[in-house]
Amino acid sequence: MANFSKSNVPQFSVDIYQNEYLPEGGREVNAIVTVTSTGGGTSGGHPLAAPGYATDGAPGGAVVIMVDCSGSMDYPPTKMRNARDATAAAIDTIRDGVAFAVVGGTHQAREVYPANGGLAVADAQTRGQAKQALRKLTAGGGTAIGTWLRLADRLLATADVPIRHGILLTDGRNEHEKPEDLRATLEACAGRFTCDARGVGTDWEVKELTGIASAMLGSVDIVADPAGLKADFQAMMETAMGKEVADVGLRLWTPQGSEIKFVKQVAPTVEDLTARRTEAGPRAGDYPTGSWGDESRDYHVCVQVPNAGVGQEMLAARLSLVLPQPDGTSQVLSQGLVRAVWTDDMAASTRINPQVAHYTGQAELASVIQEGLEARKSGDIDGATAKLGRAVQLASASGNDDTAKLLAKVVDVVDAPSGTVRLKARVADADEMTLETRSTKTVRVKK
C-alpha cells in the first residue's frame, strides 16, 4: 500500500458506542462509530525514509494547487501577492518525491507549472522552478471553478499514485459557469481525488465552496484577511503530506429485514454520507471516507431493524473498514458490530448513550446555525432569533466554545443555557461567513 510518506501502513481500529437495548416494538438502533488510524508516517517514532515514495520507489502521492487569478484578485492588489506567497509556502512544504503541479484559474484553467501536460516530482530544483513560475501569475478574467477541477483531474490522472489531492483558492462566486456544469464536474471528479477549498475575503459564496469540499471529501474554511493565507496554505499542505492511505470505505452489512436509515460523519465535522452509498454485494454498501493519516473520526449510524419480542437479540449491522485492491477485492482493515437486544427493563431501554446524545446535538447545532442565518438573510427576525438562540444553547451545553464565540459575533447572548439572544443590528460579512463556513465543525464528547 503506497503512501505520501514511506513508513508503516496505518493500523485502523473501530470502537462502537451504543445502547443496544430496545423496548418491545422498538425498531431504531443508533450507534457512534469511532475510527482511529495510528502508526503511519505522521506519528512519532517512525522516521521518514525517502518521503513521498512508495515501496517501489515511485511517487506515493500527487497534489495540484489551484489559484484564483480572476480580475477580482487584484482588489486590493495585496490579495494576489498574498496568494502567490501562500502558494510558495505550500510548495516549500511538499516533500521530496511527491508529484505536484500549479494551476491558474479564471473563466478557464491554465497550467502554471510544470506546464507540460503532467506533474513535476518535488525536489529542491522543481520547488524553486515552481516558485519562479508563480511570479508570472497576474489577475484578469472571470471565474469558472469547474474548469480548474477538470484540469487538476487530468493532471493528477497522469500519475500512477494512490493518493491524489487538490488545494483550491478562490475569492469570488462561480459566475462564468452554470451551476449544473459545476455539479457535473464534481460528480465526475468525486472519488478520483480529494480537495480542500479556501475562500479569501468575503465576496465568495459559502454554499458553493462548502458544496465543492463536501463532494470532494475535503476541508473548507474562510481566510477573511488575505494576510492569513500563507499560514493556512502551509498548514493545509502539511496535513495533505500526512495522508498515508486513500479510498478507505465504511462498509455496512445488514441482515435480512434491516435497513440503514442514515450514515453521517459527526467529528471532526458533520457530513451526511447516506446518499453516497455504493452497493458492495448482498445487503452491503460502502460509504466513502477519503484519505487518512494519523487521526480519529466519529460516525453516527442509524439502523432500522425488524420488530422482535422481549428477550430476543440480533446483529443489527456489521461495520468494516475496507480498502479496494488492484484485483477488485477489498482488504478488511478493521471491523465492529452493532447489536439490538429487546428488553422489558424500562431503565435499560430508555437510557440514551452519551455519545449518541452528544452528536445528535452537534448535528442539530450545525443545522440550526444554517437555518438561522438563512432566516436572517430573508428578513425573518423571529425565526432567526429562535434558531440562533437554540444554537447558542446547544453550543453552551456541549462545550463547543469555538462555535459559541462565532455565534456571539452575530447575536447578543442574554442567557446561554436558555438560548435567550438578540440579533445584532450590524454584523460584519466576515463574521457571518465564518460562522456559516464553520457551522459543521464539532467537538467530541466531554470526558
Side-chain angles (χ1 to χ4, degrees), residues 12-36 249-277 280 283-289 296-321 334-368 390-391 393-395 397-400 440-447:
F12 283 85
S13 63
V14 170
D15 294 298
I16 308 281
Y17 301 94
Q18 68 162 134
N19 176 15
E20 63 267 39
Y21 293 104
L22 297 175
E24 188 172 9
R27 298 190 60 197
E28 188 172 286
V29 179
N30 287 277
I32 298 300
V33 180
T34 296
V35 178
T36 305
L250 194 63
R251 178 169 296 172
L252 285 170
W253 176 90
T254 50
Q256 195 75 40
S258 296
E259 62 176 273
I260 303 296
K261 291 191 73 174
F262 64 76
V263 178
K264 296 176 184 175
Q265 177 184 288
V266 288
T269 58
V270 177
E271 189 67 59
D272 194 339
L273 303 175
T274 312
R276 304 184 70 165
R277 174 185 173 110
R283 300 193 301 280
D286 287 353
Y287 300 85
T289 69
S296 182
R297 305 180 201 167
D298 293 337
Y299 298 86
H300 185 173
V301 175
C302 181
V303 185
Q304 186 168 288
V305 294
N307 206 350
V310 169
Q312 289 188 270
E313 60 179 276
M314 69 175 288
L315 176 64
R318 181 175 66 237
L319 183 145
S320 308
L321 285 173
S334 191
Q335 282 191 330
L337 304 177
V338 179
R339 299 171 62 236
V341 180
W342 283 264
T343 180
D344 55 7
D345 181 341
M346 287 295 290
S349 65
T350 56
R351 187 180 72 247
I352 300 175
N353 177 271
Q355 279 87 352
V356 171
H358 174 81
Y359 284 123
T360 300
Q362 292 292 285
E364 185 190 353
L365 173 59
S367 179
V368 291
R390 175 63 175 155
Q393 185 181 36
L394 288 164
S398 64
N400 195 331
T440 59
K441 292 185 186 294
T442 58
V443 293
R444 302 193 102 157
V445 182
K446 292 178 185 174
K447 298 295 182 187

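Below, all heavy atoms of this structure are taken into account, side chains as well, without hydrogens, waters or symmetry copies. Quick note: residue numbers are just sequence positions, from 1.
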Are [X] and [Y] close enough that some pair of their side-chain heavy atoms sits under 4.5 Å apart?
X      : Y      : value
Met314 : Pro306 : yes
Thr343 : Leu22  : no
Val263 : Leu252 : yes
Val266 : Tyr299 : no
Leu337 : Leu319 : no

My understanding is that only residues two or more places apart in sequence, or in another chain, count here; which of them pass side chain to side chain donor-acceptor pair (under 3.5 Å) with Ser258?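 Residues passing side chain to side chain donor-acceptor pair (under 3.5 Å) with Ser258: none at all.
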Check side chain to side chain donor-acceptor pair (under 3.5 Å) between Tyr359 and all other residues, then give those that pass, not counting sequence neighbours.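 Tyr359 satisfies side chain to side chain donor-acceptor pair (under 3.5 Å) with Asp298 once adjacent residues are dropped.
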Rounded at 0.5 Å granularity, tell me how far [atom1] in [X] sits from [atom2] in [Y].
X      : Y      : atom1 : atom2 : answer
His300 : Gln355 : NE2   : CD    : 11.5 Å
Tyr287 : Arg276 : OH    : CZ    : 12.5 Å
Asn19  : Ser349 : CG    : OG    : 7.5 Å

Those residues that, when tested against [X], pass salt bridge (charged side-chain N to carboxylate O under 4.0 Å, His left out) (two or more places apart):
X      : answer
Arg251 : Asp286
Arg283 : none
Arg339 : Glu20, Glu313

Partner set under side-chain contact (heavy atoms from CB on, under 4.5 Å) for [X], not counting sequence neighbours:
X      : answer
Asp272 : Lys264, Thr274
Thr36  : Ser13, Thr34, Thr38, Ser296
Gln312 : Ala308, Trp342
Pro268 : Gln265, Arg297

What closest approach, in Å, do [X] and [Y] show between heavy atoms, and which atom pair accounts for it?
X      : Y      : result
Ala316 : Pro255 : O-CD, 3.4 Å
Gly249 : Thr289 : N-OG1, 4.4 Å
Thr254 : Ala317 : CG2-CB, 4.1 Å
Asn353 : Gln18  : ND2-N, 3.5 Å
Asn400 : Leu365 : ND2-CD2, 3.7 Å
Ser334 : Val14  : OG-N, 3.5 Å

Who pairs with Tyr21 by ring pair (Phe, Tyr, Trp, His ring centres under 6.0 Å), at least two apart in sequence or on another chain?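 Partners of Tyr21 under the ring pair (Phe, Tyr, Trp, His ring centres under 6.0 Å) test: none.
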Do other residues, nucleotides or ligands put more than 12 heavy atoms under 6.0 Å from Leu315 CG?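 Yes, because the 6.0 Å sphere around CG of Leu315 holds more than 12 heavy atoms from other groups.
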Strictly by salt bridge (Lys or Arg N to Asp or Glu O under 4.0 Å), give each pair with a member in residues 345-365 just once, sequence neighbours left out.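 Only Glu364-Arg390 qualify under salt bridge (Lys or Arg N to Asp or Glu O under 4.0 Å).
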What residue pairs, at least two apart or across chains, pass salt bridge (Lys or Arg N to Asp or Glu O under 4.0 Å) with a residue in residues 21-33?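 Non-adjacent pairs meeting salt bridge (Lys or Arg N to Asp or Glu O under 4.0 Å): Glu28-Lys261.
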Begin from the C-alpha positions of Glu271 and Thr440 and carry the test side-chain hydrogen bond (donor to acceptor under 3.5 Å, both in side chains) through to its verdict. CA-CA 8 Å; Glu271 189 67 59; Thr440 59; over 6 Å; no
Could you tell me whether a side-chain N or O of Asp15 sits under 3.5 Å from a main-chain N or O of Val35, the two making a donor and an acceptor?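 Looks like no, no N/O pair under 3.5 Å.
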Please check this pair: side chain of Ser367 against backbone of Ala363, looking for a donor-acceptor N/O pair closer than 3.5 Å.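 No, because the side chain of Ser367 does not come within donor-acceptor range (under 3.5 Å) of the backbone of Ala363.
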Take Val270 and Thr442, measure what side chain to side chain contact (heavy atoms under 4.5 Å, CB included) needs, and give me the verdict at the end. CA-CA 7 Å; Val270 177; Thr442 58; 3.5 Å; yes
